[in-house]
Amino acid sequence: DVDDNSGESVVMMQSQFEKMYEKIDLTLLNRLLRLIVDHNIADYMTAKNNVSISFKDMMHTNSYGLIRGLQFSSFIVQYYGLVLDLLVLGLT
């Protein structure tokens, strides 16, 4: 914590987001993606993660979080991480 002449202080902070890709809400993600990409592409990117996965006799419907390995997964995680960083740090 360092004071400068104007009475403000500078604080150093470190945070760690664990398993962020598992906790991404797809509805919020769609709204955030629509701010930077075309609406059709945003819908496509989120719809790819809202699917039913079946393997042998097991079935899972993914409605929360990202499926790793899809085409836009790395971009989505980096963008969502940027949004989380801005929320933690604030815009001022």
Side-chain angles (χ1 to χ4, degrees):
D1 191 12
V2 178
D3 289 327
D4 60 5
N5 294 338
S6 64
E8 296 177 355
S9 61
V10 177
V11 178
M12 188 117 154
M13 188 182 114
Q14 181 177 352
S15 64
Q16 185 174 359
F17 300 121
E18 293 185 2
K19 295 191 178 180
M20 181 178 64
Y21 53 87
E22 291 180 0
K23 302 171 185 171
I24 293 176
D25 181 39
L26 296 177
T27 307
L28 175 63
L29 175 66
N30 192 333
R31 300 289 181 190
L32 290 171
L33 285 171
R34 282 173 172 245
L35 295 172
I36 60 167
V37 297
D38 185 58
H39 297 262
N40 295 321
I41 296 174
D43 291 342
Y44 175 77
M45 292 165 82
T46 53
K48 281 290 195 184
N49 291 290
N50 193 12
V51 294
S52 294
I53 301 169
S54 60
F55 178 73
K56 294 187 180 178
D57 62 343
M58 300 174 286
M59 189 150 182
H60 170 71
T61 301
N62 186 54
S63 59
Y64 192 75
L66 287 183
I67 299 173
R68 287 180 288 174
L70 289 178
Q71 189 173 6
F72 296 109
S73 294
S74 62
F75 170 74
I76 290 172
V77 169
Q78 289 178 11
Y79 177 59
Y80 204 78
L82 173 68
V83 171
L84 287 178
D85 285 341
L86 291 175
L87 286 172
V88 169
L89 296 174
L91 294 175
T92 56

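These numbers come from the heavy atoms of this one structure, side chains and all, not from hydrogens, waters or symmetry mates.
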Please tell me whether Tyr21 and Leu87 are part of a single hydrophobic cluster in this structure, the criterion being side-chain heavy atoms less than 4.5 Å apart. yes

Applied to residues 52-61, the salt bridge (Lys or Arg N to Asp or Glu O under 4.0 Å) test, sequence neighbours excluded, yields none

Euclidean distance, Asn49 CG relative to Asn30 CG, rounded to 0.5 Å: 11.0 Å

Is it possible for you to say whether Val88 and Leu28 belong to one hydrophobic cluster, with membership spreading through side-chain heavy-atom contacts below 4.5 Å? yes

Please name all residues satisfying side chain to side chain donor-acceptor pair (under 3.5 Å) with Ser52, sequence neighbours left out, ordered by chain then number. Thr61

Give every residue pair that meets the salt bridge (Lys or Arg N to Asp or Glu O under 4.0 Å) criterion with at least one member in residues 63-80, sequence neighbours excluded. none

If you group Ile, Leu, Val, Met, Phe, Trp and Tyr by side-chain heavy-atom gaps below 4.5 Å, do Leu35 and Leu82 land in one group? no

Just to verify, what does Asp43 make a salt bridge (charged side-chain N to carboxylate O under 4.0 Å, His left out) with, not counting sequence neighbours? Arg34

Residue set satisfying side chain to side chain contact (heavy atoms under 4.5 Å, CB included) with Met58, at least two apart, ordered chain then number -> Phe55

Within a strict 4.5 Å, meaning less than it, do heavy atoms of the Val77 and Phe17 side chains meet? no

I'd like to know if the side chain of Tyr79 reaches the main chain of Leu32, judged simply by a donor and an acceptor atom lying under 3.5 Å from each other, with no hydrogens or angles considered. yes

Applying side chain to side chain contact (heavy atoms under 4.5 Å, CB included), name anything that partners Asn50, two or more places apart in sequence or on another chain. Leu26, Ser63

Looking at residues at least two apart in the chain, or sitting in another chain, which of them share a side chain to side chain contact (heavy atoms under 4.5 Å, CB included) with Tyr44? Lys48, Gln71, Phe72

State, to 0.1 Å, how close Ala42 and Leu33 come at their nearest heavy-atom pair, and which atoms those are. CB-CB, 3.7 Å

Which residues pass the side chain to side chain contact (heavy atoms under 4.5 Å, CB included) test with Asn40, sequence neighbours left out? Asp38

With hydrophobic residues grouped by side-chain heavy-atom distances under 4.5 Å, do Ile36 and Ile76 end up in a single group? yes

Restricting to side chain to side chain donor-acceptor pair (under 3.5 Å), what partner residues turn up for Ser54, sequence neighbours left out? none

To the nearest 0.5 Å, what is the distance between CD on Gln78 and CG on Asp85? 11.5 Å

Tyr64 side chain to Ile24 main-chain N or O, any donor-acceptor pair under 3.5 Å? no

Run through the side-chain heavy atoms of Ile, Leu, Val, Met, Phe, Trp and Tyr, join any pair under 4.5 Å, and report what else lands in Ile67's cluster. Val51, Ile53, Leu70

